[in-house]
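Scope of the values below: all heavy atoms of this structure, side chains included, with no hydrogens, waters or symmetry mates. Remember, predicted model here, so these are calculated numbers, not experimental data.
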Amino acid sequence: MQTDPAPTLERLAATETWLFDLDNTLYPAECNLFAQIDRRMGEFISRRFGIDAVAAKQRQKGFFQQHGTTLRGLMVDHGVDPADFLNYVHDIDLSVLPALPELRQVLQALPGRKLIFTNGTVAHAERVLGRIGLADCFEAVFDIVASNYLPKPRPEPYDKLLAAHGVDPRRATMVEDMARNLAPAARLGMATIWVPTHSDWAQPVAGETDHIHHVAPDLTGFLSALSNIGRNAEPAAKG
């Protein structure tokens with residue numbers, strides 16, 4: 001775990017590259033897109049193995065517990081084509097998502113490169129970003145396909161993203177709702193911002209919070225304040 005002091009707000013304001021998670025981070029978790037995705041995962045497993053919904057749910061939980069994601073379990077244990085699974089589970093109704101003009105304004109004013117770092121797909125990210133009005137706020141999307149289907153918080157996706165996009169982790173900040181996904185970022189030297197939700201699986205492990213440098217229940221307000229700091233502060237020294 002990260003043992004250095006938490007980066008100051010001035011350090012965050014001088015961020016060169018921002019890595020934003022997508023789901024439940026950029027839009028309100030109360031939209032509950034995961035309920036739709038979870039239902040679709042159950043349906044996929046039920047059809048794939050010819051089992052009922054209860055048995056499918058149990059198998060889904062087993063995949064998640066053993067492999068970290070349902071997809072990884074399906075691929076490793078059963079040779080499922082990941083594209084088939086991802087296309088099916090992301091075929092969901094996005095009408096529950098609101099447009100976010102204030103966040104759009106803040107992101108456009110926030111200095112630094114901005115990338116999406118998601119366990120979903122580029123196609124899913126593009127649909128969501130288009131719906132919430134943030135499609136042109138990000139330089140690129142680094143997705144589960146680009147990470148060779150290895151999900152956060154495995155360390156490999158972080159390394160692949162840094163290499164693919166030329167990111168210096170000591171001058172990067174990661175924003176994420178899943179507390180455990182911030183741990184590898186902190187170990188690499190990134191500053192971290194946790195966007196808390198009410199989901200049990202998104203909470204930090206008790207006593208293991210050193211990798212969470214800042215908490216932002218109101219992401220728009222938090223980033224707006226950082227932009228103001230950046231405008232009023234002297235440029236951070238390189239080092």
Side-chain angles (χ1 to χ4, degrees), residues 1 19-27 29 31-94 116-128 141-164 174 176-188 194-195 197-206 208 211:
M1 290 295 178
L19 307 180
F20 286 91
D21 177 53
L22 177 71
D23 293 306
N24 296 337
T25 297
L26 290 180
Y27 61 79
C31 295
N32 202 15
L33 284 192
F34 184 74
Q36 295 188 57
I37 294 173
D38 188 56
R39 183 173 63 252
R40 298 284 290 177
M41 286 194 288
E43 291 173 359
F44 183 94
I45 293 170
S46 180
R47 294 180 182 184
R48 177 70 169 76
F49 298 104
I51 56 181
D52 64 23
V54 174
K57 189 66 175 179
Q58 288 301 115
R59 188 165 295 193
Q60 180 184 341
K61 287 182 178 179
F63 289 145
F64 183 83
Q65 292 169 355
Q66 183 176 354
H67 296 280
T69 64
T70 301
L71 172 58
R72 192 72 187 164
L74 287 167
M75 291 174 62
V76 172
D77 293 349
H78 301 283
V80 169
D81 184 339
D84 290 344
F85 176 82
L86 291 167
N87 290 337
Y88 188 88
V89 302
H90 286 140
D91 185 13
I92 57 175
D93 176 17
L94 300 184
I116 295 291
F117 184 17
T118 177
N119 278 346
T121 62
V122 169
H124 173 66
E126 289 177 344
R127 287 186 67 215
V128 170
V141 175
F142 188 90
D143 72 344
I144 193 71
V145 180
S147 69
N148 196 28
Y149 301 103
L150 295 175
K152 299 178 287 184
R154 291 276 295 267
E156 296 92 338
Y158 300 76
D159 294 335
K160 285 179 177 292
L161 183 152
L162 297 181
M174 184 168 171
E176 166 81 53
D177 72 296
M178 300 284 288
R180 66 175 179 265
N181 291 348
L182 293 172
R187 284 195 292 268
L188 288 165
W194 181 43
V195 180
T197 71
H198 296 299
S199 298
D200 291 340
W201 61 82
Q203 306 305 309
V205 175
E208 297 182 8
H211 59 288

Worksheet entry | Point-to-point distance, once rounded to the nearest 0.5 Å, from CE of M41 to CD of Q36 | 12.0 Å
Fill in: Least distance between heavy atoms, P153 atom then P184 atom
O-CG, 3.3 Å
Worksheet item: Which residues pass the side-chain contact (heavy atoms from CB on, under 4.5 Å) test with A164, sequence neighbours left out?
Response: F142
Worksheet item: Are R180 and V205 close enough that some pair of their side-chain heavy atoms sits under 4.5 Å apart?
Response: no
Discussion item. I need the R154 CZ to N119 CG distance, nearest 0.5 Å.
Written reply: 11.5 Å
Worksheet item: For V122, does its backbone N or O pair with a side-chain atom of D143 as donor and acceptor, under 3.5 Å?
Response: yes
Discussion item. Is any side-chain heavy atom of I116 closer than 4.5 Å to one of L26?
Written reply: yes
Discussion item. A side-chain contact here means heavy atoms from C-beta on lying under 4.5 Å apart; do E156 and N148 qualify?
Written reply: no
Worksheet entry | Residues in side chain to side chain donor-acceptor pair (under 3.5 Å) contact with D21, at least two apart in sequence or another chain | T25, K152
Item to complete: Using side-chain contact (heavy atoms from CB on, under 4.5 Å) as the criterion, list what pairs up with D159, not counting sequence neighbours.
Response: L188
Worksheet, complete the sentence: The side chain to side chain donor-acceptor pair (under 3.5 Å) partners of N181 (sequence neighbours excluded) come to E176
Worksheet item: Hey, are the side chains of V89 and H124 touching, using non-hydrogen atoms and a 4.5 Å cut-off?
Response: no
Worksheet item: Which residues satisfy the side chain to side chain donor-acceptor pair (under 3.5 Å) test with K57, sequence neighbours excluded?
Response: D38
Item to complete: Heavy atoms only: give me the nearest G42-A56 pair and the separation to one decimal.
Response: O-CB, 3.6 Å
Discussion item. Taking side-chain contact (heavy atoms from CB on, under 4.5 Å) as the definition, give me every residue that meets it alongside E43, ordered by chain and number, with sequence neighbours left out.
Written reply: R39, R40, Y88
Item to complete: For this output row, return yes or no: ring centroids of W201 and F34 closer than 6.0 angstrom.
Response: yes
Compile the donor-acceptor pairs under 3.5 Å between side chains in residues 72-79 and protein atoms, sequence neighbours left out, one pair per line.
from: D77; atom 1: OD1; to: H67; atom 2: NE2; distance (Å): 3.4
from: D77; atom 1: OD2; to: H67; atom 2: NE2; distance (Å): 3.1

Worksheet entry | Under the side chain to side chain donor-acceptor pair (under 3.5 Å) test, residues paired with Y158 that sit two or more places apart | none
Item to complete: Only counting residues at least two apart or in another chain, list the ones meeting side-chain contact (heavy atoms from CB on, under 4.5 Å) with D81.
Response: A83, D84
